[in-house]
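Every heavy atom of this structure was used, including side-chain atoms; hydrogens, water molecules and symmetry mates were not. Naming convention: chains lettered A, B, ... in sequence-line order (proteins, then strands); numbering from 1 in each chain.
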Protein chains: 2
Amino acid sequence: MTGYIVDYLMGNARVLEAAGRLGSFSAAAAELGMTQPAVSQQIGHIERVVGMPLFMRRHRGVALNEVGRTLVAAASEARATIRTALEQATAVSRDRVLNVLTDYGFAANWLISRLPDFEKICPGIKIQILTTQALQAQPPLGITADVSILFEAAVRKSGENRITLFEEEVYPVCSPAYARTHGPFTTLADLGRAHLLHLNGHENLWFTWTDWFARMDPDPSVRGSQQTARFRAFGNYPLLLQSAMQGEGIALGWRPLVDTCLESGVLVKVWQKPLRSRRGYVLTAHTPRSSQAELFCDWLVNLSRMSI
Amino acid sequence: MTGYIVDYLMGNARVLEAAGRLGSFSAAAAELGMTQPAVSQQIGHIERVVGMPLFMRRHRGVALNEVGRTLVAAASEARATIRTALEQATAVSRDRVLNVLTDYGFAANWLISRLPDFEKICPGIKIQILTTQALQAQPPLGITADVSILFEAAVRKSGENRITLFEEEVYPVCSPAYARTHGPFTTLADLGRAHLLHLNGHENLWFTWTDWFARMDPDPSVRGSQQTARFRAFGNYPLLLQSAMQGEGIALGWRPLVDTCLESGVLVKVWQKPLRSRRGYVLTAHTPRSSQAELFCDWLVNLSRMSI
DNA sequence: ATCCTGTCATAATTATTAATTATACCACCC
DNA sequence: GGGTGGTATAATTAATAATTATGACAGGAT
């Protein structure tokens, strides 16, 4: 019962405060952009739930009585409390950038296209992406990353500030046109005769075509299948994917990175069985206490789960 | 724009607080006696107006993020502020009686019948009426009156804590039956032959029939008109009025005291021209800082103006 | 693996609450 | 005694919030 009164007052604190301060319902209505009867009725309702008058009706305007003064003061204080907290909450996420460290492929083929969505949910948080190609990923000197999304050994249990977003999952992909003209690829030998697009320089972190053939068919007798393949090498993954989309050959497609291309039909799988590993994209929060980092990580985790 | 957000949060602080504290929308809904979708939608709306998520959606239930914690803490604090003020405001008017000093006539014939209305407007304020018959009105020993309504010299300008509620105004009145059988009373002589009901013991404060005849017709030649009148005396005014209502004669009717009787037709005026003076019922607030006294006086003044 | 369970999200409808327009009323001041 | 500047009330309309019904999801149990 008294609880209801508290919350009713909370909701109408604005009107109460204005009427008390200005000593006039009409003036309060004008200030709040509403009509005088609206204010009159709200105050009347407040007085009814409180159980006693708060204003003394004078010839021109109104004046607070003792009880009214108490409640108006409390209402002002309560509003100030909320306003301060709100300013603090929004200030903490304004004019500060969140530094995200990740690799070029993840940034270009997954993250960037989804950032506008985050911008919409959390306006005012600026994301700065730092990309690295190095194995031992380090942000540029003088800048510390708040969160990183790096391809490394997957963490099994979501720890304090580390969680695996995507476990590694690889399919050979190419453009529909290439599949039509050079396919179908039903055996490993079919693939061995195709144009295989290759990523240079990261052989001990990322799967190569050699790895793929080896794991798909561990039988050494057939191991020669890719001998006749024509390789073409690229320096980074987006470039390689671009080439595949233009129908220049077959690429190894990493799961989250090629998802949008597969959905839009720009690329197609040519081999259904995925190649999996114990590695994956791992999200690490280096400044987990930061509210921007918290919001960004929460958004990322939700998004990754939705797209599995 | 931020103003709207503040007031929206004020209005929904209850839901925000419960959801944050319990870590579950369903539990919050149960506690607040509403349905889960209602809570879900309210929180969703809050997050939209704030511009960023406040809760992290977990498998079972939800958890506050940094921004959410800030706002929930502020919401709790704001509600506590209002609650405290409200308890203070209601406590000040509970378990304390307001001592009202007045005379027996005013209490019996005007105040008492209107007290239930005040009780309805300000529940919890107990009115204790102290009546006096003495000229120099003093409350009983050991009790101090918070407000007094006494018949005395009228104050012309509403001072700090004194105001004239009713100026003296006197009409001869009797029951309709008496007027029918003994009337009409068109001249002073008609009245002089009637049964005149008289109040004993207050001759220098209240008008007597002698005063009335003297003021109505200052011409000394006709002054003998009431010589033949039959007087009957009473110890207090309500008793006298009771007698008049039963058709036993004509009473001097004081304005506010006989109003209800005149309206209901139990009594009728037998002489239109009123007798006025510079005296009247004066309201004095002896403890003007008390909120009960303030509420009571405000109510009294409004009521007296309405019934003029 | 697959079902089961407890939770949040969403859509459409209904119910409740608040605001508006129009009007009455009241008290002072000229 | 009207004019003026304020509040109160009634009836209607507009806006907001709650409900019911349903879907989706993640984890634990079988």
For a quick check of understanding: with a heavy-atom distance under 4.0 Å over all strands, which category does [X] fall into, base, sugar-phosphate or nothing?
{"X": "B:S26", "result": "sugar-phosphate"}
{"X": "A:R57", "result": "sugar-phosphate"}
{"X": "A:F55", "result": "nothing"}

Think [X] has a side-chain N or O under 4.0 angstrom from the OP1 or OP2 of [N]?
{"X": "B:Q42", "N": "D:dA17", "result": "no"}
{"X": "B:S24", "N": "C:dT7", "result": "no"}
{"X": "B:T35", "N": "D:dT19", "result": "yes"}
{"X": "B:S40", "N": "C:dA9", "result": "yes"}

Take A:A38 and B:E47, find for each the nucleotide of DNA chain C with the closest heavy atom, and name the residue whose nucleotide sits nearer the 5' end.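 Taking each residue's closest nucleotide, the earlier one in sequence belongs to B:E47.
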
Using heavy-atom distances to pick each residue's nearest nucleotide on DNA chain C, tell me which of B:A27 and A:P37 is more 5'.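 Nearest nucleotide further toward 5': that of B:A27.
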
Check: D:dT7 base within 3.5 Å donor-acceptor of A:R58 side chain: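 Such a pair does not exist between side chain and base.
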
Expressed as a whole number of angstroms, how long is the span from [X]:[atom1] to [N]:[atom2]?
{"X": "A:D7", "N": "D:dA17", "atom1": "CG", "atom2": "P", "result": "14 Å"}
{"X": "B:R60", "N": "C:dA9", "atom1": "CZ", "atom2": "C1'", "result": "16 Å"}
{"X": "A:M34", "N": "C:dT17", "atom1": "CE", "atom2": "P", "result": "17 Å"}
{"X": "A:Q41", "N": "D:dA14", "atom1": "CD", "atom2": "C1'", "result": "14 Å"}
{"X": "A:Q36", "N": "D:dG6", "atom1": "CD", "atom2": "P", "result": "11 Å"}
{"X": "B:R48", "N": "D:dA17", "atom1": "CZ", "atom2": "P", "result": "11 Å"}
{"X": "B:M56", "N": "C:dT7", "atom1": "CE", "atom2": "P", "result": "18 Å"}
{"X": "A:N12", "N": "C:dT17", "atom1": "CG", "atom2": "C1'", "result": "11 Å"}

Are A:E66 and B:S291 close enough that a side-chain donor and a side-chain acceptor fall under 3.5 Å?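 Looking only at side-chain atoms, B:S291 and A:E66 do not form any donor-acceptor pair under 3.5 Å.
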
Regarding A:N12 and A:Q42, do their side chains bring together a donor and an acceptor under 3.5 Å, going by distance alone?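 Result is yes, a qualifying pair exists.
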
As a test of reading the structure: which of D:dG6, C:dA18, C:dC8 is closest to the side chain of A:H45, going by heavy atoms?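 Out of D:dG6, C:dA18, C:dC8, the nucleotide with an atom closest to A:H45's side chain is C:dA18.
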
Selected nucleotide, minimal atom distance to B:H59 side chain, candidates C:dT10, D:dA8, D:dA26: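 The closest nucleotide is D:dA26.
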
Do the non-hydrogen side-chain atoms of B:F166 and B:W110 ever get within less than 4.5 Å of each other?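 Side chain of B:F166 against side chain of B:W110, heavy atoms only: contact under 4.5 Å found.
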
Would one find more than 12 heavy atoms of other residues, nucleotides or ligands at under 6.0 Å from atom CD of B:E167?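 Atom CD in B:E167 is not crowded, with 12 or fewer foreign heavy atoms closer than 6.0 Å.
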
Report yes or no: is the cationic atom of A:R48 (NZ for Lys, CZ for Arg) closer than 6.0 Å to the six-membered ring centre of A:Y8, at no more than 45° off its axis?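 The answer is no; the distance or angle limit is not met.
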
